[in-house]
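Everything below concerns the one structure shown next.
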Amino acid sequence: MLRGRQVEGLKFRRQAPVAGSVVDFLCAELKLVIELDGGIHNLTEGDDRIRDDRLREAGFAVLRFRNTAFATDPSVVLNAIRRAAGITPAIESGEPAPSSEPLRGPPSPSRGEGQETP
């Protein structure tokens with residue numbers, strides 16, 4: 001869904017190196033990292049926080065979602081990306097916004113629907 005600039009013309013790279021880590025998806029234009037987490041991340045939440053902090057210190061925003069949230073309703077992730085880019089989604093599915101501010105600098109961290117926020 002992120003290939004070929006299908007989401008608002010934004011270019012995403014998959015498995016991109018950023019700040020000493022390899023991230024799931026990167027939009028360099030927005031300095032936006034998208035992470036999709038499987039069950040193993042329940043065991044590595046502390047490591048994920050450290051990694052997210054390092055990415056934010058390098059000037060990147062991080063949106064993190066569970067794989068199941070994406071598989072169940074991909075519009076959750078796609079609408080979060082649109083909001084992070086400062087674009088109001090045409091149709092909202094009722095999920096909470098990860099940030100109310102357009103993405104021009106690193107916003108506060110957020111976790112996608114289906115994830116617990118510490």
Side-chain angles (χ1 to χ4, degrees):
M1 293 181 164
L2 297 179
R3 288 184 184 165
R5 298 181 184 262
Q6 293 181 64
V7 178
E8 306 301 333
L10 297 170
K11 181 178 180 174
F12 285 88
R13 290 180 45 209
R14 186 169 180 255
Q15 299 293 301
V18 178
S21 297
V22 175
V23 301
D24 292 335
F25 297 95
L26 167 67
C27 177
E29 176 184 356
L30 295 177
K31 294 192 84 169
L32 175 64
V33 169
I34 307 294
E35 294 282 35
L36 297 176
D37 297 341
I40 190 67
H41 286 271
N42 292 335
L43 303 174
T44 63
E45 280 191 22
D47 293 338
D48 288 344
R49 276 190 214 105
I50 292 168
R51 177 181 151 140
D52 289 355
D53 288 345
R54 188 172 60 241
L55 290 165
R56 281 192 295 279
E57 287 171 9
F60 292 85
V62 179
L63 297 179
R64 191 173 281 281
F65 300 89
R66 291 201 185 277
N67 286 342
T68 54
F70 180 74
T72 303
D73 187 1
S75 68
V76 170
V77 176
L78 298 175
N79 284 338
I81 292 168
R82 288 181 179 105
R83 283 190 300 275
I87 300 164
T88 303
I91 299 174
E92 293 282 347
S93 62
E95 73 279 0
S99 172
S100 59
E101 295 296 317
L103 203 186
R104 294 296 171 243
S108 58
S110 76
R111 296 184 79 75
E113 184 172 299
Q115 286 195 325
E116 297 174 15
T117 303

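Throughout, residue positions are numbered sequentially from 1 according to the sequence presented.
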Trace of the salt bridge (Lys or Arg N to Asp or Glu O under 4.0 Å) decision for D48 with R51:
CA-CA 5 Å; D48 288 344; R51 177 181 151 140; 5.6 Å; no
Could you measure the distance from the [atom1] atom of [X] to the [atom2] atom of [Y]? Nearest 0.5 Å is fine.
| X | Y | atom1 | atom2 | result |
| --- | --- | --- | --- | --- |
| T72 | R66 | OG1 | CZ | 12.0 Å |
| R3 | R5 | CZ | CZ | 15.0 Å |
| N79 | I87 | CG | CD1 | 11.0 Å |
| I34 | F70 | CD1 | CZ | 10.5 Å |

Are [Y] and [X] co-members of a hydrophobic cluster defined by side-chain heavy atoms under 4.5 Å apart?
| X | Y | result |
| --- | --- | --- |
| L10 | V77 | yes |
| M1 | L30 | yes |
| L36 | L32 | yes |
| F25 | V7 | yes |

Lys/Arg N to Asp/Glu carboxylate O, K11 vs E29, below 4.0 Å
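Not counted as a salt bridge, because no side-chain N and carboxylate O are separated by less than 4.0 Å.
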Can you tell whether the side chains of D52 and R49 come within less than 4.0 Å, N to carboxylate O?
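Salt bridge between D52 and R49, a charged N being under 4.0 Å from a carboxylate O: no.
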Minimum side-chain heavy-atom gap I81-F12 below 4.5 Å
yes
Side chains of L78 and L2: closer than 4.5 Å at any heavy-atom pair?
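Touching, per the 4.5 Å side-chain cut-off.
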Please give me the minimum heavy-atom distance between R54 and S21, naming the atom from each residue.
NH2-OG, 2.7 Å
Considering all heavy atoms, the nearest A80-L63 contact
O-CD1, 3.9 Å
Whether R82 side chain and E8 backbone form a donor-acceptor pair below 3.5 Å:
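No, the answer is negative, given that no donor and acceptor are paired below the 3.5 Å cut-off.
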